[in-house]
Structures are given as structure tokens and as C-alpha cells.
**Student:** 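Take a look at the following structure, please.
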Amino acid sequence: AALPLKHTCTPFITMNPGYAGRTELPDNLKVLFRTVAMMIPDYARIAEIMLYSMGYADAVPNSVKLVACLQLSSEQLSSQFHYDFGMRTVKAILVAAGNLKRRHPEARE
């Protein structure tokens with residue numbers, strides 16, 4: 001059965017080689033897709049914007065401290081499978097900070 005092709009629709013496959021629980025894409029499928037290089041996002045900038053959106057006035061120094069803490073943790077703690085200091089961790093910490101800010105809006109940042 002043939003599938004109708006829409007020229008305005010493009011499929012993308014995101015691959016994270018070496019990421020926990022991921023498998024490699026078979027070679028016969030790899031040849032059907034074009035490789036695109038990605039850059040590592042600016043975690044401090046993302047954290048800053050999220051903190052501002054949650055009502056934090058001191059977003060810049062807090063975002064820099066958060067990223068520095070996670071970077072030091074990733075460099076100095078033993079590299080074990082269950083340690084993850086990536087964007088998911090940054091997001092989880094920021095969501096928790098947002099919840100605290102909502103519960104205690106007048107607390108010192």
C-alpha cells in the first residue's frame with residue numbers, strides 16, 4: 001500500500017548516541033535521512049528566561065549559579081550511569097524553584 005506524500009510535511013529523527021536506553025538507527029534507515037549538526041544550548045540563558053517568567057527578580061545571578069553548580073557536579077562527581085546534569089535536570093530544578101516562588105512570593109531569592 002502506497003502512502004500519499006505531502007510535500008509540506010517533513011519527518012525528523014532526533015538521535016542521541018550514547019544516551020541511556022537508546023539504540024542505533026539501522027543503516028538502511030540512516031541513508032534515508034540527512035545528518036544535521038546541533039549546538040549545545042546556553043543553559044544559563046534558558047534558565048535566566050525561565051526564572052524571569054516565574055517572577056524572579058535576580059534571575060541572572062541565580063541562573064549562572066545553577067549552571068555552574070551543575071557543571072561542577074558533572075566534572076567532579078564520579079561518572080555513574082544514574083547521574084544526569086543535562087537540560088532535563090535544569091528544567092526540573094527550575095520547575096521546583098517556580099513552585100517555591102508561587103508558594104512563597106515574598107521569600108528572599
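For reference, positions follow the sequence shown, starting with 1.
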**Student:** Atom CG in Leu32, atom CG in Leu25: separation rounded to 0.5 Å?
**Tutor:** 8.5 Å
**Student:** Within a reach of under 6.0 Å around CG of Leu29, are more than 12 heavy atoms found that belong to other residues, nucleotides or ligands?
**Tutor:** yes
**Student:** Ignoring hydrogens and angles, tell me if any N or O in the side chain of Tyr52 forms a donor-acceptor pair with the backbone of Ala47 under 3.5 Å.
**Tutor:** no
**Student:** Should Tyr83 and Ser78 count as side-chain neighbours, where that means a heavy-atom distance under 4.5 Å?
**Tutor:** yes
**Student:** Apply side-chain contact (heavy atoms from CB on, under 4.5 Å) to residues Val90 and Met50 and explain how you reach the verdict.
**Tutor:** CA-CA 10 Å; Val90 172; Met50 287 184 70; over 6 Å; no
**Student:** Roughly how far apart are Thr10 OG1 and Arg34 CZ, rounded to 0.5 Å?
**Tutor:** 10.0 Å
**Student:** Kindly indicate whether the side chain of Lys30, heavy atoms from C-beta on, has any atom under 4.5 Å from the side chain of Thr35.
**Tutor:** no
**Student:** Using 0.5 Å steps for rounding, measure from the CE atom of Met54 to the CG atom of Leu100.
**Tutor:** 10.5 Å
**Student:** If you take all heavy atoms of Ser63 and Leu51, which pair is closest and at what distance?
**Tutor:** N-CD1, 3.9 Å
**Student:** Can you measure from OH (Tyr56) to NZ (Lys101) and round to the nearest 0.5 angstrom?
**Tutor:** 6.0 Å
**Student:** Please list every donor-acceptor pair under 3.5 Å in which a side-chain atom of residues 65-73 meets a protein atom from a residue at least two apart or in another chain.
**Tutor:**
from	atom 1	to	atom 2	distance (Å)
Gln71	NE2	Glu75	OE2	3.3
Ser73	OG	Cys69	O	2.9

**Student:** Would a hydrophobic clustering, with Ile, Leu, Val, Met, Phe, Trp and Tyr connected at side-chain separations under 4.5 Å, put Leu77 with Ile93?
**Tutor:** yes
**Student:** Atom CD1 in Ile49, atom CG in Leu94: separation rounded to 0.5 Å?
**Tutor:** 11.5 Å
**Student:** When you measure from the side chain of Ser74 to the backbone N and O of Phe85, does any donor-acceptor pair fall under 3.5 Å?
**Tutor:** no
**Student:** For the pair Glu109 (side chain) and Asp58 (backbone), establish whether a donor and an acceptor sit closer than 3.5 Å, ignoring hydrogens and angles.
**Tutor:** yes
